[in-house]
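First comes the structure, then the notes that go with it.
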Number of protein chains: 2
Amino acid sequence: MTRKKQTDRVTITDVARVAGVSKTTVSRYLGGQYHVLSESTQARIKEAIEQLNYRPNQMARGLKRDRSYLIGMVMADISNPYSTAVLRGAEDVCKQKGYSILVCNTDNDPAKEREYILMLQSHRIDGLLINTTGKNNDFLRELANDCTPVVLIDRKVPVLGFDTVGLDNEQATSEAIHFLLNRGYKRIAYVSEPIAGVSSRRERAAVFTALADQYGYSADDLYEVNLQSPERLSEVLDHFLQRTQGEKPVIFAANGVVLLKLIRALQSKGISVPEDVAVISFDDTEWAALIGSGITAIAQPTYQIGMTAMERIFQRMEGDGSPAQNIAFAGKLIIRGSTPPVV
Amino acid sequence: MTRKKQTDRVTITDVARVAGVSKTTVSRYLGGQYHVLSESTQARIKEAIEQLNYRPNQMARGLKRDRSYLIGMVMADISNPYSTAVLRGAEDVCKQKGYSILVCNTDNDPAKEREYILMLQSHRIDGLLINTTGKNNDFLRELANDCTPVVLIDRKVPVLGFDTVGLDNEQATSEAIHFLLNRGYKRIAYVSEPIAGVSSRRERAAVFTALADQYGYSADDLYEVNLQSPERLSEVLDHFLQRTQGEKPVIFAANGVVLLKLIRALQSKGISVPEDVAVISFDDTEWAALIGSGITAIAQPTYQIGMTAMERIFQRMEGDGSPAQNIAFAGKLIIRGSTPPVV
DNA sequence: CCGGTTTCTGAAATCGGTTTCATTATAGCA
DNA sequence: TGCTATAATGAAACCGATTTCAGAAACCGG
């Protein structure tokens, strides 16, 4: 009897030999085609698989079936808790279907984004979730020619036939602003990361701007800040707050990362929340409740977003050819101490 | 001229045909064996690849080469920022080498951990990073028989020949406790998630216990809390704080997640930090500086941990057969307002 | 007892690459 | 000129699965 080296993996041929059947038969067993197999054959194969501790090689299987059982996930910023929350939702759906996720972090760098997508393609991923940097629109449009299903998360790409899943930015922003107005705030600043190219930022900012005239706050108080340079945020605060004419000001942070830097800047300037300035923010981070008397925030159903995005992938894989959908979930306003009623 | 269906991917055979050479020659080009190829052949292949927009199929390549160019990463809790910070370090090393990462989140569930590892094995991953649940030691030991390199992150498994990378828990814990003692604290509580099976928790707690007698605080104030049930934490606080006899108490949180729940519990009880109780914690979370006057914390070099772990994987892949290493990085104590000197 | 199903199984082709080995052409040298 | 070394290339086997197609055995009705 010949024995393989220890380093050699057990193959379907080994199983076939031990069970005394052909590779074909073993393959049918693996594929769950039990109805064409005799009971005794099934038993012998089962026995052999357990004895050898056999695990089929997905690369070989994938090559023939033209399926990798891999899903790519390209995130602009994996250290943002939003990303991992979405990942969890996506992963749970995948696991249940026997798929695994290849995670890539682009650090908001479009070059990295391109490289990663090419890399994923060469692994022949069966689906692709993208939270795009927003600076690769032409490149992404080419993806549409491939047959691989793509779902965009949070950020859309214009003109394109991709499914998208994210927050209903219009509803959420509008609800938040109406809440502030009802509480008596008349001076509202909206602080966002650079808006160009990122649809969710654009949509949120657009609502802020659109409601300004109607409700009597200034659309000029829409500030874009690059969080890499902390001075800019500091200047913005000075500019906004010094113009306060007896009116209680409120600052609206466009996401959790902005909020973090904002709180840091306020603290270093000795400005108190909510005494000197009220604060509201997108993203209900785990720590939002802990800052002072809590920061009022708009919670996103992140887990649900991840699940839904991945479910779209599978539906597309299973042949759903319907037109691209934009799926937008409502945000939920969580009221805390940072936005007290104006007296 | 025959034309393939749109859905068909370009293969090496197509490139060979267009370039007017054999598959073999194209393969050599792809493998970078330029020295055996004539200049003109190289040029024609390059041209053909670009024209066809060809991307080699990693499954086919992997099947023959017995390499998947995939690394598995199994994390106990991906929503812990520690995990994503480590992931970033690991990913950067991978990307540079042309590898991709399959990320799995076990939610501290040993059954999920087993399933994921089997799944990864069937993808024939070339390396495996595990932040283990700590409840699969027998199963993990079997992994050692496989030839695939494994590196454990943060949590070790007894008796095993795996490389490990993590924090120097002894140094870090000891440094923190000495810091507290120097500041004049004599009543120290250490609050940890359940210690059984998780080496990093055990190591940290062991130092707390070991130094107790020597420095005159009580080793009884080591509390294990299951964070699923918030009442337990509340009871622990009551128990510890009511025994305070005029001495200023300090609570030492065993990681960032514990700290989060701790702060929440203290706030809901109306206990102020640092007036009523001082606080120190493992993990310098992004928000630690923002709570009150800041929480004193032990920062871990997470990015470095991820990088180093992945580098070990590649070294093992390249044939390094040296005995298993335990690599422990020093933590850095970041002093903030939550631990003022006792007056 | 015979042709026709039905049930179960296997030989061989295939997926898209890599690798081994053989072949051709050209150069170098006596 | 003839013979060998070297450079450049290709045919075919191979990796480990799946799938097509065909064959053997058992069963069935007339």
(request) Measure the distance from OH on B:Y34 to P on D:dA8 and round it to the nearest whole Å. (result) 15 Å
(message) Taking any heavy-atom pair under 4.0 Å as a contact, classify B:Y54: base, sugar-phosphate, or nothing.
(response) sugar-phosphate
(message) Nearest to the side chain of A:S27, heavy atoms from C-beta on, is which of C:dT9, C:dT18, D:dT19?
(response) D:dT19
(message) Does A:S38 reach a base, just sugar-phosphate, or nothing at all? Heavy atoms under 4.0 Å.
(response) sugar-phosphate
(message) Strictly below 4.0 Å, N to O, side chains only: are A:K46 and A:E50 in salt-bridge contact?
(response) yes
(message) Assess whether a salt bridge exists between B:R67 and B:D126, defined as any Lys/Arg side-chain N lying under 4.0 Å from an Asp/Glu carboxylate O.
(response) no
(message) Between P on C:dG10 and OH on A:Y29, what's the gap in Å once rounded to a whole number?
(response) 16 Å
(message) In this structure, how many angstroms lie between the P atom of D:dG10 and the CZ atom of B:R17, rounded?
(response) 15 Å
(request) For B:E39 and for A:Q33, locate the closest nucleotide of DNA chain D by heavy-atom distance; then report the residue assigned to the nucleotide nearer the 5' terminus. (result) B:E39
(request) Would you classify A:V26 as touching base, sugar-phosphate or nothing, given that sugar-phosphate means primed atoms plus P, OP1 and OP2, and contacts are heavy atoms under 4.0 Å? (result) nothing
(request) Could you tell me whether B:K156 sits above the aromatic face of B:F162, with NZ or CZ closer than 6.0 angstrom to the six-membered ring centre and within 45 degrees of the axis? (result) no
(message) Side chain of A:A60 only, heavy atoms from C-beta on: which candidate in D:dT18, D:dG16, C:dG17 is closest?
(response) D:dG16
(message) If the cut-off is 4.0 Å, is B:T24 near the phosphate of D:dG10, judged by side-chain N/O to OP1 or OP2?
(response) no
(request) Go through C:dT9, D:dT19, C:dT18 for me and flag the one nearest to the A:K64 side chain. (result) D:dT19
(request) Figure out the CG/C1' separation between A:D14 and D:dG16, and round it to whole Å. (result) 10 Å
(request) Tell me, please, whether B:F314 has B:K97 positioned over its six-membered ring: NZ or CZ under 6.0 Å from the ring centre and within 45 degrees of its axis? (result) yes
